[in-house]
Colleague: 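Sharing a structure here in structure tokens format.
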Amino acid sequence: MIIDGHSLAFRAFYALPVDSFQTQTGQHTNAIHGFIAMLINLLGNERPDALAVAFDISRHSFRTEEYPEYKGTRGETPPEFKGQVPLLQEALHAMGIRTLEKENYEADDILATLATRGAEAGYRVLVVSGDRDTIQLVDDRITLLYPSKQGVSELTRYDAEKVMERYGIRPEQYPEIAALVGETSDNLPGIPRVGEKTAVKWIKQFGSLEEILRRQDEIGGKVGESLRENAHLAERNRRLNRLVRDVELDVELDDLKRGEIDMAAVQQVFAKLEFRTLLQRVGKLAGAEVPVGGAAPAAELVPEKPEAKLLLDEELGDWLAKADRPAVRIIEAGDGFEVGVATPEASVLIHWQPGGRDYALFEQWLASDAPKVFFDAKQQIGAARRAGAAIGGIAGDLLLASWLLRPSTAEKSIAEAVFRFLGEQVPEGDPNQLVPDESSVSDAAALAWYVVRAHASAVERFQSRTIEIYRDIELPLVPVLAALEERGVQIDLPLLEAHDAELTTRVGELQQQAFDAIGREVNLSSPKQLQEVLFEQLDMPKTRKTKSGYTTDAAALAELQVKSPHPFLGALLAHRDANKLRQMVETLIKAVREDGRIHTTFVQTGASTGRLASTDPNLQNIPVRSEEGRRIREGFIHAPEFETLMTADYSQIEMRIMAHLSGDEGLIQAFNEGEDLHRFVGARIFGVPPEEVTNEMRSKVKAMSYGLAYGLSAFGLSKQLGISSAEAKQLMVDYFERFGGVRDYLRSVVDQAKRDTFTETIFGRRRPFPDLASPNRILRENAERAALNSPIQGSAADIIKRAMIAVERRVREAGLASRMLLQIHDELMFEVAEGEWDALEAIVREEMAGAAELSVPLEVQVGHGANWNAAAH
DNA sequence: CAATGAACGTA
DNA sequence: CGTACGTTCATTGC
């Protein structure tokens with residue numbers, strides 16, 4: 001393992017707040033702290049046999065000789081950083097780690113040299129660096145660990161395959177790309193107009209930078225011109241970004257073998273730096289006994305924080321048995337697990353070895369119904385599962401509690417929630433940064449202590465029935481969602497791949513058609529370029545304005561097709577369609593795991609109304625409207641050991657909720673008579689018998705009914721139906737004349753929301769609307785429409801959540817092997833086991849229909865089939 | 001590189 | 001000038 005000391009220390013410096021890491025003498029230590037914390041993780045996870053850390057000596061190197069402006073744009077090194085480097089090196093030496101530097105070279109060159117030598121000597125080499133130039137080192141023996149953009153303390157592993165996946169090129173080609181594109185941070189300008197895409201395209205086309213430059217005349221357009229004018233830049237960049245692989249170093253690989261950790265020396269250096277928890281962790285690495293709470297006290301601790309006890313076995317079991325609603329925090333640290341359990345008064349820290357005898361009582365307690373509090377319990381269930389353990393007794397979840405209080409934004413971290421509810425700063429780094437801060441890795445006990453207190457404070461702020469939503473819906477839903485995520489849904493990969501291939505061909509053909517229609521090639525995905533084609537080259541009438549020009553969306557293009565027909569428009573629309581589907585299919589294909597299934601993540605705090613959201617991938621927006629789109633659903637199948645898929649969806653749940661909430665007798669009657677809703681409403685509005693309602697009348701009524709729940713205006717209705725606004729207005733007047741209760745209800749929702757500044761669902765879920773009082777009309781009216789919709793959408797969310805909890809429980813109690821897989825807002829999907837259809841259908845129908853007592857029945861439609869599409873009818 | 005906007009898929 | 005989402009791509013700004 002070879003580490004780029006400067007680049008990582010610098011990242012650590014910016015990742016951790018300077019002020020929180022200072023010794024009593026005023027020495028800053030945040031970079032050192034972050035670096036060591038990360039190093040400990042690396043040592044634990046990767047267990048290298050040999051290790052070196054390379055540093056730059058100065059800015060001066062052979063590169064600045066050729067090009068004095070090299071890295072010239074970088075500002076002064078912050079003084080708070082400078083003094084930390086020698087101390088870091090001292091700490092590394094105490095830990096038995098060699099540091100290297102070389103006059104006239106950069107740390108990168110040392111990395112390149114050692115990596116090359118290591119690989120030649122038969123090592124598998126890990127290069128740890130935040131400098132992209134090191135990508136060129138990757139090969140089948142050398143892997144790069146690069147700090148990821150947002151990953152919490154995560155390093156991304158770049159092997160040759162990953163580089164190919166990310167950049168579409170082989171690692172050794174990366175510097176050629178970089179030479180063309182340039183590198184701002186090194187003050188190396190590239191060829192203007194050439195970005196990553198173009199560079200990769202050329203490399204693929206010509207094979208190498210040399211070849212591109214040799215055949216530069218073959219490249220047309222402005223980019224080609226630019227390349228010819230600036231070819232010298234690319235050549236220079238390539239000279240400068242080539243890492244030197246044979247720097248003379250006065251070490252042999254054998255000298256880098258990891259030595260003993262000299263705990264006495266470490267203790268001395270760390271005492272000077274006032275690192276307490278890090279000392280613990282280094283002690284663990286070294287196998288030394290270091291007393292918890294020894295060494296110097298950290299300066300910024302909250303005074304009353306209890307000292308964490310280290311307990312095992314019966315002692316631990318006793319402690320847990322007596323703890324009253326403690327918080328639990330499980331942290332996955334590489335291959336190990338750290339657990340903190342805390343009440344406001346006391347805490348324990350557990351170096352959990354799953355399955356070990358000393359931890360049996362803990363694992364038993366964790367799985368039991370004994371009440372426990374978490375932050376993001378669903379994530380913690382996943383962590384426990386990876387340790388082979390289960391979590392029961394979820395009695396609180398700080399993340400959910402905080403979201404219920406303010407559903408527009410959920411706190412993303414414990415630190416944010418603690419600050420909000422306790423006003424205390426958790427000493428921890430920015431979770432978006434590279435460095436795993438000490439509090440999140442070694443101080444599970446402290447985190448648990450923060451969680452338990454912040455949770456109590458959050459729950460105290462619950463008003464009215466929020467506690468019911470929390471206790472009866474959101475908390476019991478957590479294990480259900482965790483189960484859904486773990487189960488995943490089976491995918492017919494060959495089918496999707498065939499579909500992808502077909503779509504790819506079609507996209508290509510349509511693109512060509514579009515190009516032929518205008519006599520040139522443009523990026524059909526670029527609205528900007530499309531505007532050029534449509535409004536300048538083809539001189540079509542201007543469409544609706546956007547912030548940056550004129551819209552090219554599907555509706556506008558369809559309108560243009562009428563006003564100013566052109567073959568380009570049809571090809572473009574068809575291309576968009578096919579390209580979008582292809583993109584979706586490819587995303588799904590990539591999401592299929594080893595087990596042949598896609599495991600989405602349900603974000604319980606995803607929507608302000610109470611709905612779930614689905615990500616990575618989103619399985620709640622799989623196409624259904626077009627025939628071609630539905631073919632994607634054919635790729636969602638059941639596992640071979642199951643008999644069929646079941647889908648069960650609420651029919652018109654939002655309209656039913658509207659009927660219930662408004663108490664409108666006409667609407668209630670419509671549902672109670674069980675006939676076609678839109679036909680019934682149409683008959684009333686148009687004053688004809690139901691059987692004389694034409695399809696056109698029905699679709700107008702349908703659009704209006706749904707639109708009303710969203711705050712649709714006469715203007716919007718006229719736009720959508722393509723009728724005059726007078727006609728739209730009349731339609732609405734007629735509607736409200738027959739269904740006055742709906743109008744009164746919609747009015748009352750907004751009125752009440754203005755008085756209360758919040759809305760409420762049938763079950764008492766609240767959503768605040770501060771903007772209802774805004775003097776800004778746009779903001780206020782947006783808030784009014786959202787407020788109108790919120791009790792309706794939110795109540796529907798409550799209902800299906802209640803149904804999910806009940807169904808999951810009943811299926812378990814009945815001992816069925818069938819299982820729930822997905823929720824798509826008003827629909828549930830199940831995998832049905834052999835011979836269980838009838839039993840499952842009964843449970844599903846009963847629990848879905850019975851999830852709420854409304855003044856109209858809740859109707860459930862159930863379908864089955866070998867795939868999602870077939871199961872839909 | 002991160003943020004934003006446009007476009008479009010779902011309920 | 002209809003609510004609630006997530007993803008992708010291109011573009012822009014730092």
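Lettering follows sequence order; numbering is per chain, from 1.
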Colleague: Would you classify A:Arg767 as touching base, sugar-phosphate or nothing, given that sugar-phosphate means primed atoms plus P, OP1 and OP2, and contacts are heavy atoms under 4.0 Å?
Modeller: sugar-phosphate

Colleague: CG/A:Asn621 to NE2/A:His825 distance, rounded to the nearest 0.5 angstrom?
Modeller: 8.5 Å

Colleague: With heavy atoms under 4.0 Å as the rule, sort A:Val624 into base, sugar-phosphate or nothing.
Modeller: sugar-phosphate

Colleague: Could you state the atom-to-atom distance from CD of A:Gln793 to C1' of B:dT10 in whole Å?
Modeller: 12 Å

Colleague: Determine: side-chain N/O of A:Arg625 to OP1/OP2 of B:dG9, distance under 4.0 Å, yes or no.
Modeller: no

Colleague: When rounded to the nearest 0.5 angstrom, what is the spacing between CE in A:Met540 and OG1 in A:Thr552?
Modeller: 12.0 Å

Colleague: Roughly how far apart are A:Glu586 CD and A:Leu581 CG, rounded to 0.5 Å?
Modeller: 11.5 Å

Colleague: Pick base, sugar-phosphate or nothing for A:Glu654, based on heavy-atom distances below 4.0 Å to the nucleic acid.
Modeller: nothing

Colleague: Starting at atom CG of A:Leu588, determine the distance to atom C1' of B:dT10, rounded to an integer number of angstrom.
Modeller: 13 Å

Colleague: Phosphate oxygens OP1/OP2 of B:dA7: is one of them under 4.0 Å from a side-chain N or O of A:Thr552?
Modeller: yes

Colleague: Touch check for A:Ala709, heavy atoms < 4.0 angstrom, all strands: base, sugar-phosphate only, or nothing?
Modeller: nothing

Colleague: To the closest 0.5 Å, what do you measure between OG1 (A:Thr609) and CZ (A:Arg765)?
Modeller: 8.0 Å

Colleague: Rounded to whole Å, how long is the line connecting atom CG of A:Leu503 with atom P of B:dG9?
Modeller: 13 Å

Colleague: Please report the distance separating the P of B:dG5 from the corresponding atom of C:dC1, rounded so that it comes out in whole Å.
Modeller: 15 Å

Colleague: Checking all strands, does A:Lys528 fall into the base, sugar-phosphate, or nothing category for heavy-atom contacts under 4.0 angstrom?
Modeller: sugar-phosphate

Colleague: To the nearest angstrom, how far is A:Leu573 atom CG from B:dG9 atom P?
Modeller: 11 Å

Colleague: Just how far is it from atom CE of A:Met704 to atom NE2 of A:His678, taken to the nearest 0.5 Å?
Modeller: 11.0 Å

Colleague: May I ask you to check whether over 12 heavy atoms, not counting those of A:Arg520, lie within 6.0 Å of atom CZ?
Modeller: yes

Colleague: Under 4.0 Å from a heavy atom of chain A: give me the 5'-most and 3'-most nucleotides of DNA chain C that qualify.
Modeller: C:dC1 to C:dT12

Colleague: How many whole angstroms separate atom CZ of A:Arg630 from atom C1' of B:dT10?
Modeller: 14 Å

Colleague: Roughly how many Å is it from NZ in A:Lys580 to P in B:dT10, rounded to a whole number?
Modeller: 9 Å

Colleague: Once you apply a heavy-atom cut-off of 4.0 Å, does A:Thr587 come out as touching a base, just sugar-phosphate, or nothing?
Modeller: sugar-phosphate

Colleague: Does A:Lys719 NZ have over 12 foreign heavy atoms under 6.0 Å away?
Modeller: no

Colleague: Atom CG of A:Leu530 to atom C1' of B:dA6: distance rounded to whole Å?
Modeller: 11 Å

Colleague: What is the distance from CG of A:Leu581 to P of B:dG9, rounded to the nearest Å?
Modeller: 7 Å

Colleague: Scan A:Arg611 against the nucleic acid and name what it touches under 4.0 Å (heavy atoms): base, sugar-phosphate only, or nothing.
Modeller: base

Colleague: Using the side chain to side chain donor-acceptor pair (under 3.5 Å) criterion, which residues pair with A:Asp577? Sequence neighbours excluded.
Modeller: none

